[in-house]
Student: 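Have a look at this one before I ask anything.
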Amino acid sequence: MIKPFEKPVYVTRPFLPPLEEFRQGLQEIWESRLLSNNGPILQRFTKELCNFFETDNVCLFNNGTLALQIALQGMGISGEVITTPFTFVATTHVLFWNKIRPVFVDIEPDYYTLDPEKVEAAITPWTTAILAVHVYGHPCKLTALADIARRHNLKLIYDAAHAFGVKVGGKPIGHFGDLSMFSFHATKLFHSIEGGMLIFKESGLKELFDYLKNFGFKNEVEVVMPGTNAKMNEIQSLMGSMVLKYLEELIRKRAVITKLYRCRLEEVPGIHLSPAPSSDIRSNYAYMPIEVDEQEFGMSRDALYEKLKQWNVFARRYFYPLVCDYPCYRSISVNGQLTVARRAADRILTLPIYDSLELSDVEAICDIITSLRLGKA
Ligand SMILES: Cc1ncc(COP(=O)(O)O)c(C=O)c1O
C-alpha cells in the first residue's frame with residue numbers, strides 16, 4: 001500500500017534565491033528609494049537579458065499578458081489572427097483586447113503546437129498574423145510557419161510564455177519569428193514573481209513599446225500616444241535578475257526529473273509521452289505532460305487526476321477546456337474539426353515538476369500511477 005504524501009505536491013513550486021542574497025538586493029532598493037519607473041535594477045536586468053538572448057531588442061513588462069497585448073497593438077495587427085485553442089486563455093484574450101478576430105486551427109499530435117498545414121488552409125484576405133504557442137516549451141514547427149508567413153506576408157508572433165531557456169540549433173528560441181513573448185510568472189521555470197518580456201526583430205519597435213507601457217510618456221510634458229501602465233518594478237527586476245543566475249542549475253535538475261519520469265512511464269500501457277526532442281533542441285523541461293488513453297490505461301485522465309489527489313498529488317489538466325470552449329469564445333466559428341486539440345485537452349495531465357522535487361517523490365508518483373493502472377492502489 002503506497003502512502004499518500006504528507007504535504008501536498010503541486011504541479012509546480014517556484015524557485016526562490018537564498019533569502020540572504022535577496023535581502024542584500026533589497027538593501028540597494030531601500031537605499032535608492034527607487035521602486036519603479038525604469039529604475040537601475042530594471043536597467044541592469046534588461047542588460048542581463050540582452051546578453052542572455054544575444055539581442056538588444058528586449059523590452060520588459062509587469063506581466064506576459066500585457067506584454068503580448070502591447071506587442072499586437074504596437075505592431076498594428078488587426079483583422080484576423082490564426083492561433084491555437086490549446087493554450088492558456090491569455091493568448092486569446094490579448095487578441096480580443098486588440099479587437100482582433102481569433103481563428104482557431106488544430107495542433108499537431110506530437111508536441112501539441114500549431115499544425116502548419118491547418119494554418120495555411122485558414123488564411124483569408126483578412127489574416128494579418130499567426131500567433132503560435134511553444135506549448136510546454138516545445139518549439140513550434142519553426143521553418144514551416146516561417147515559410148507560410150513569408151509567402152503570405154503575415155507577421156509571425158510566438159507566445160513563448162513556457163519557453164525561457166529553450167534553444168534551437170544553438171540559438172535562443174526568441175530569435176525565431178518577428179516577435180516572442182515570455183512570461184515570468186511565478187509558476188514558470190524562470191520567474192520575476194510576475195513579469196513579461198518581448199524579444200523582437202525590428203529595433204524600431206523598442207521605442208514604441210516603451211511608450212505604450214508607460215502611459216505614452218515621451219518626457220515629463222509630452223504624451224505621444226494613449227499608452228497604458230505595464231511597467232516592471234524594481235522588486236520584480238531584482239527577483240528576475242537573481243533567478244537568472246540559477247537558470248542553468250534549474251534546467252539541469254528538471255532534466256534529471258524528466259529523465260526519471262520518462263524512464264518510469266514510457267512503457268506503461270495507456271500512458272503516452274511526446275517523442276524525445278531532436279538533438280538540435282535544448283529543452284527547458286518546463287512541464288511534464290502525459291497523455292492518458294482511457295481504454296489502455298483502464299481509467300480516464302479525469303479519473304486519474306481525481307485519484308492522484310487522494311495521494312496528495314495535484315497534477316493539472318493543462319489545457320482543459322480548449323480556449324474556444326470558454327463561453328466568451330464559443331460564438332467564434334472554428335476552422336476545421338480541432339480533432340487533435342480536443343483529444344489533447346481530454347487526455348493530457350501535467351505532472352509535478354520543479355527543481356526541489358526529490359527523485360524519491362518522482363518515484364512515488366510513478367508508483368502510484370502504475371499501481372492505479374493495475375488496480376492495486
Ligand atoms: C501560454 C501562456 N500565454 C500567456 C500567459 C500569460 O502570462 P502572464 O501570466 O505572465 O500574464 C501564460 C501564463 O501565465 C501562458 O501559459
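In each ligand, atom 1 is the first atom listed, and ligand 1 is the first ligand listed.
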Student: Can you hop from Tyr285 to Val243 via hydrophobic side chains spaced under 4.5 Å?
Tutor: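 Linked within one cluster.
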Student: For Glu20, what residues pass the salt bridge (charged side-chain N to carboxylate O under 4.0 Å, His left out) criterion, not counting sequence neighbours?
Tutor: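 Per chain and number, Glu20 pairs via salt bridge (charged side-chain N to carboxylate O under 4.0 Å, His left out) with Arg23.
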Student: Contacts table for ligand 1: protein N or O within a distance under 3.5 Å of ligand N or O, distances only.
Tutor:
unit_1: ligand 1; atom_1: 3 (N); unit_2: Asp159; atom_2: OD1; d: 3.4
unit_1: ligand 1; atom_1: 3 (N); unit_2: Asp159; atom_2: OD2; d: 2.7
unit_1: ligand 1; atom_1: 7 (O); unit_2: Ser183; atom_2: OG; d: 3.4
unit_1: ligand 1; atom_1: 10 (O); unit_2: Gly64; atom_2: N; d: 2.8
unit_1: ligand 1; atom_1: 10 (O); unit_2: Ser183; atom_2: OG; d: 2.7
unit_1: ligand 1; atom_1: 11 (O); unit_2: Gly64; atom_2: N; d: 3.3
unit_1: ligand 1; atom_1: 11 (O); unit_2: Thr65; atom_2: N; d: 2.9
unit_1: ligand 1; atom_1: 11 (O); unit_2: Thr65; atom_2: OG1; d: 2.5
unit_1: ligand 1; atom_1: 14 (O); unit_2: Lys188; atom_2: NZ; d: 3.1
unit_1: ligand 1; atom_1: 16 (O); unit_2: His162; atom_2: NE2; d: 2.8

Student: Could you check whether Glu248 pairs with Arg252 (Lys NZ or Arg NE/NH1/NH2 to Asp/Glu carboxylate O, under 4.0 Å)?
Tutor: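 Here Glu248 does not pair with Arg252 in a salt bridge, since their nearest N and O are not under 4.0 Å apart.
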Student: State the CG-CG distance between Asn38 and Asn233, to the nearest 0.5 angstrom.
Tutor: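 With rounding to 0.5 Å, CG (Asn38) is 12.5 Å from CG (Asn233).
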Student: Is Ile157 reachable from Leu154 through a run of I, L, V, M, F, W or Y residues, each pair having side-chain heavy atoms under 4.5 Å apart?
Tutor: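 Cluster IDs for Leu154 and Ile157 differ.
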Student: Could you check whether any side-chain heavy atom of Pro102 comes within less than 4.5 Å of a side-chain heavy atom of Thr83, counting everything from C-beta outward?
Tutor: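 Of all side-chain heavy-atom pairs linking Thr83 with Pro102, at least one is under 4.5 Å.
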